[in-house]
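Remarks on the structure that follows.
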Amino acid sequence: MITRLKSQYYERKFSKLPIEIRNYELIEGFLQPEEAAALYYFSKKVKNGVIVEIGSWKGKSTFCLARGLKNGKVFAIDPFNAAGETESAEKYEKEKGEKELILQFKEGMANLGVIDKIEILHGYSKDFVNNFKKINLLFIDGDHSIEGCRLDFEYFDKFIVKGGYILFHDYYANRVELGPTWVIKNIINKKKEYKFLHLSKSLWIGIKV
């Protein structure tokens, strides 16, 4: 009963886009309003700490995370080269635009007033494994292949603090060929230290207990 009531609370909470992140719609990307609201909500709960985002694209989700974080940094990890697993590569190439992705990202975050809260880590997740001692919120939205998503989780899992949050984008229960779905079903759900909190559209949210 408690879990169901909490889920209903989250559904109501995320059904309306907070005014603080309305401008997320100005950024090109692949994030639904309910997912944006959830990212903002949980980044607000961090209050003062470290948020790590794997996969930033043009900054749609980064903006929501940065707007919620009052003190601390959002570390945005991305190669900014429109690379991706086979299923996504064609779409990324088509939608990347003419200007370099990293410049689009920087300009977008500056124009929306959150660039000071963001530290760009230009590269792949494996390049920054030793950059962190603790992580309060980890958002994984990078390589959606099973191997890529598994590595993203395994690289940073040990740094998530107790009470910290783990979020995956593009979780679909019936699509086990997708990295996020596979990792959650085959790794996270079997770990006692993680507890599922809510699924907002395709945004899976858990907590380290």
Side-chain angles (χ1 to χ4, degrees), residues 29-31 35 38-39 42-43 46 49-62 64-65 73-93 96 101-102 105 118-197 199-200 202-209:
F30 317 101
L31 196 67
E35 297 167 344
L39 286 176
F42 281 98
S43 66
V46 170
V50 172
I51 293 177
V52 175
E53 173 185 59
I54 302 175
S56 303
W57 190 238
K58 299 184 183 183
K60 207 173 185 75
S61 55
T62 323
C64 298
L65 292 167
K73 283 284 185 181
V74 177
F75 293 86
I77 301 175
D78 199 297
F80 295 102
N81 60 3
E85 68 285 352
T86 304
E87 185 173 330
S88 303
E90 185 176 346
K91 177 171 65 176
Y92 293 163
E93 183 64 28
K96 69 177 183 180
L101 276 173
I102 193 168
F105 179 87
I118 298 165
E119 183 167 331
I120 299 171
L121 299 181
H122 190 178
Y124 294 93
S125 58
K126 64 181 176 63
D127 301 322
F128 306 105
V129 175
N130 297 316
N131 280 49
F132 305 99
K133 293 182 178 179
K134 69 170 188 176
I135 295 173
N136 301 96
L137 185 153
L138 175 65
F139 175 44
I140 297 179
D141 189 23
D143 185 342
H144 281 35
S145 69
I146 289 174
E147 180 68 4
C149 193
R150 180 184 67 80
L151 288 172
D152 284 343
F153 173 72
E154 291 179 350
Y155 287 148
F156 299 102
D157 164 39
K158 58 183 173 290
F159 301 115
I160 302 174
V161 300
K162 191 173 182 178
Y165 300 102
I166 174 86
L167 294 85
F168 287 82
H169 195 219
D170 294 320
Y171 168 85
Y172 298 96
N174 62 339
R175 295 196 60 188
V176 293
E177 80 281 4
L178 284 178
T181 305
W182 190 94
V183 170
I184 289 164
K185 288 193 171 188
N186 291 279
I187 300 178
I188 291 182
N189 286 348
K190 296 178 181 179
K191 283 179 171 282
K192 293 182 179 179
E193 65 261 44
Y194 284 104
K195 177 184 175 183
F196 169 71
L197 292 179
L199 182 65
S200 181
S202 76
L203 183 69
W204 189 97
I205 305 157
I207 188 171
K208 198 170 194 178
V209 295

Check [X] against [Y] and note the closest heavy-atom contact, atom names and distance.
X    : Y    : answer
T62  : E53  : OG1-OE1, 2.6 Å
D78  : S56  : OD2-N, 2.7 Å
I146 : V176 : CD1-O, 4.0 Å
L31  : C64  : CD2-SG, 4.3 Å
S202 : E35  : OG-OE2, 2.8 Å

Run through L65, I140, V74, L138 and flag the one making a side chain to side chain contact (heavy atoms under 4.5 Å, CB included) with V52.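 Considering L65, I140, V74, L138, a side chain to side chain contact (heavy atoms under 4.5 Å, CB included) with V52 is found only for L138.
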Taking side chain to side chain donor-acceptor pair (under 3.5 Å) as the test, write out the residues that go with S43, two or more places apart.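 Applying side chain to side chain donor-acceptor pair (under 3.5 Å) to S43 gives none.
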Could you tell me which residues satisfy side-chain contact (heavy atoms from CB on, under 4.5 Å) with L199, sequence neighbours excluded, listed by chain and number?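 Testing L199 for side-chain contact (heavy atoms from CB on, under 4.5 Å), a comparison that skips the adjacent residues, returns Y171, F196, W204.
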Residues in ring-ring contact (aromatic ring centres under 6.0 Å, His included) contact with F168, at least two apart in sequence or another chain: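 Testing F168 for ring-ring contact (aromatic ring centres under 6.0 Å, His included), a comparison that skips the adjacent residues, returns none.
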Tell me, which pairs form a side chain to side chain donor-acceptor pair (under 3.5 Å) where one or both residues lie in residues 178-187, sequence neighbours left out?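 Found none.
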Looking at S145 and G148, would you say the former's side chain and the latter's main chain have a donor-acceptor pair under 3.5 Å?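 Such a contact is found between S145 side chain and G148 backbone.
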Indicate yes or no for a side-chain donor-acceptor contact from H169 to the backbone of L203 under 3.5 Å, with no hydrogens or angles considered.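 A pair under 3.5 Å: no.
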Sequence neighbours excluded and cut-off under 3.5 Å, please list the side-chain donor-acceptor pairs for residues 150-164, or say none.
unit_1	atom_1	unit_2	atom_2	d
R150	NE	E147	OE1	3.3
R150	NH1	E154	OE1	2.6
R150	NH1	E154	OE2	3.2
R150	NH2	E147	OE1	2.9
R150	NH2	E147	OE2	2.7
D152	OD1	S125	OG	2.5
D157	OD1	Y194	OH	2.5
K158	NZ	Y155	O	3.3

So how far is it from [X] [atom1] to [Y] [atom2], rounded to the nearest 0.5 Å?
X    : Y    : atom1 : atom2 : result
D141 : F139 : CG    : CZ    : 4.0 Å
I184 : K190 : CD1   : NZ    : 13.5 Å
W57  : F30  : CH2   : CZ    : 5.0 Å
I166 : K191 : CD1   : NZ    : 10.5 Å
I77  : E119 : CD1   : CD    : 10.0 Å
I120 : I102 : CD1   : CD1   : 5.0 Å

Distance-only criterion, 3.5 Å: show the donor-acceptor pairs between side-chain atoms of residues 126-137 and protein atoms not counting sequence neighbours.
unit_1	atom_1	unit_2	atom_2	d
D127	OD2	Y124	N	2.8
N136	OD1	V50	N	2.7

